[in-house]
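Structure provided below as structure tokens; questions to follow.
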Amino acid sequence: MAQTTAAINGVASTVSVKVASGSYVDISGSTQSVDAATATVMNSDTYTLDGSSAIILLGKFEPVDVTVNILYTEVTSTEAFMIVSAAFAAKSAVQVKWVPKGSASGANTIETNATGYITSIDYPAVDASSADAIMASFTVRAPGITYTDVA
């Protein structure tokens with residue numbers, strides 16, 4: 001097989017969040033990254049007296065945790081931190097959608113399934129010895145992830 005020429009990087013990705021039954025709001029302008037989300041399925045293994053390999057059984061899909069790293073800003077209700085901190089305080093249902101290839105036509109999407117919730121929020125730390133942007137993060141726990149291939 002020849003080496004791929006279709007690799008992409010995440011510099012043009014988009015991230016959106018939907019709170020309750022609202023519409024998706026693009027928070028890309030105040031989002032740094034989305035951590036890798038690992039989807040898993042319940043599983044078990046057992047052995048019998050005969051044979052040398054395990055018998056593996058699969059069950060239901062397990063919930064998935066998606067952590068989004070955002071810049072801390074104090075722009076009222078229009079940027080990531082204010083949107084998600086309000087949703088966290090209200091215990092509102094939340095979905096996160098990210099598009100690795102960005103808003104280009106034909107880009108595949110990754111989206112948490114409804115109904116997820118923000119189960120943790122990392123409030124900003126401060127450090128007088130650094131000129132770095134102040135960061136925060138939030139984690140959405142959802143029943144699963146939907147990957148949409150639009151190709």
Side-chain angles (χ1 to χ4, degrees), residues 3-45 54 56-151:
Q3 184 176 31
T4 185
T5 59
I8 61 171
N9 62 35
V11 299
S13 299
T14 60
V15 178
S16 301
V17 65
K18 179 166 68 170
V19 178
S21 59
S23 299
Y24 274 106
V25 175
D26 186 343
I27 59 170
S28 303
S30 54
T31 299
Q32 181 196 49
S33 61
V34 176
D35 291 348
T38 302
T40 57
V41 65
M42 295 169 61
N43 62 81
S44 69
D45 52 81
I56 300 171
L57 299 173
L58 298 179
K60 297 180 179 188
F61 290 102
E62 296 183 308
V64 63
D65 294 315
V66 177
T67 299
V68 182
N69 303 295
I70 57 176
L71 281 82
Y72 172 74
T73 63
E74 295 180 349
V75 178
T76 307
S77 73
T78 60
E79 292 190 2
F81 184 79
M82 299 306 275
I83 293 169
V84 300
S85 61
F88 177 72
K91 297 181 182 175
S92 298
V94 172
Q95 283 182 272
V96 176
K97 176 174 69 174
W98 63 106
V99 184
K101 202 171 178 180
S103 59
S105 177
N108 297 342
T109 62
I110 305 166
E111 177 179 26
T112 59
N113 295 349
T115 299
Y117 296 93
I118 298 174
T119 56
S120 67
I121 188 167
D122 290 323
Y123 288 98
V126 294
D127 181 355
S129 67
S130 174
D132 292 344
I134 296 175
M135 300 297 295
S137 67
F138 65 97
T139 300
V140 172
R141 187 167 182 86
I145 288 185
T146 299
Y147 178 81
T148 304
D149 183 352
V150 297

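Only a predicted model underlies this, so the values are computations on that prediction, with no experimental measurement involved.
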Heavy-atom pair with the smallest gap, counting every atom of P124 and Y72: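 Shortest heavy-atom contact: CG-CD1, 3.5 Å.
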Least distance between heavy atoms, A114 atom then Q95 atom: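 Of all heavy-atom pairs spanning A114 and Q95, the closest is N-NE2, 3.5 Å.
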Student check: side-chain heavy atoms of K60 and V41 closer than 4.5 Å: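 The answer is no, as the side chains (C-beta and beyond) never meet within the 4.5 Å cut-off.
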Any sub-3.5 Å donor-acceptor pair from T112's side-chain atoms to V96's backbone N or O?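 Side chain of T112 to backbone of V96, a donor-acceptor pair under 3.5 Å: yes, one is there.
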Table please: side-chain donor-acceptor pairs of residues 3-13 below 3.5 Å, with sequence neighbours left out.
from : atom 1 : to   : atom 2 : distance (Å)
T4   : OG1    : A6   : N      : 3.0
N9   : OD1    : V11  : N      : 3.3
S13  : OG     : G10  : O      : 3.0
S13  : OG     : P100 : O      : 2.8

Specify the closest pair of heavy atoms between T115 and A93, including all atoms of both residues, with the distance to one decimal.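 Taking every non-hydrogen atom into account, CG2-CB, 3.2 Å.
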Calculate, to the nearest 0.5 Å, the distance between atoms CG and CE belonging to D122 and M135 respectively.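 These two atoms lie 10.5 Å from each other.
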Side chains of V68 and W98: closer than 4.5 Å at any heavy-atom pair?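 The answer is no, as the side chains (C-beta and beyond) never meet within the 4.5 Å cut-off.
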Atom pairs and distances, donor-acceptor, side-chain atoms in residues 22-32, under 3.5 Å, two or more places apart:
from : atom 1 : to   : atom 2 : distance (Å)
Y24  : OH     : E111 : OE2    : 2.4
D26  : OD1    : S28  : N      : 2.7
D26  : OD1    : S28  : OG     : 2.6
S28  : OG     : V15  : N      : 2.8
S28  : OG     : V15  : O      : 3.4
S30  : OG     : A80  : N      : 3.0
T31  : OG1    : I27  : O      : 2.6

First locate atom CD1 of I70, then atom OG of S85, and finally report the distance between them rounded to the nearest 0.5 Å.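 Those atoms lie 8.0 Å apart.
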Would you name the heavy atoms of A87 and V94 that are closest together and state the gap between them?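 That would be CB-CG2, 3.9 Å.
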Just so I know, are the side chains of F81 and I121 near enough to count as touching, which here means a heavy-atom distance under 4.5 Å?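 They are in side-chain contact.
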Taking atom CG of D45 and atom CG of L58, what is their separation to the nearest 0.5 Å?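 Interatomic distance, D45 CG to L58 CG, rounded to 0.5 Å: 10.5 Å.
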Could you grab the distance from atom CG of N108 to atom CG of D149, nearest 0.5 Å is fine?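 Taking CG in N108 and CG in D149, the distance rounds to 4.5 Å.
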Working to the nearest 0.5 angstrom, can you tell me the gap between T139 OG1 and D35 CG?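 One gets 7.5 Å once the value is rounded to the nearest 0.5 Å.
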Under 4.5 Å between any side-chain heavy atoms of V66 and I145, yes or no?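 Yes - at least one pair of side-chain heavy atoms lies under 4.5 Å apart.
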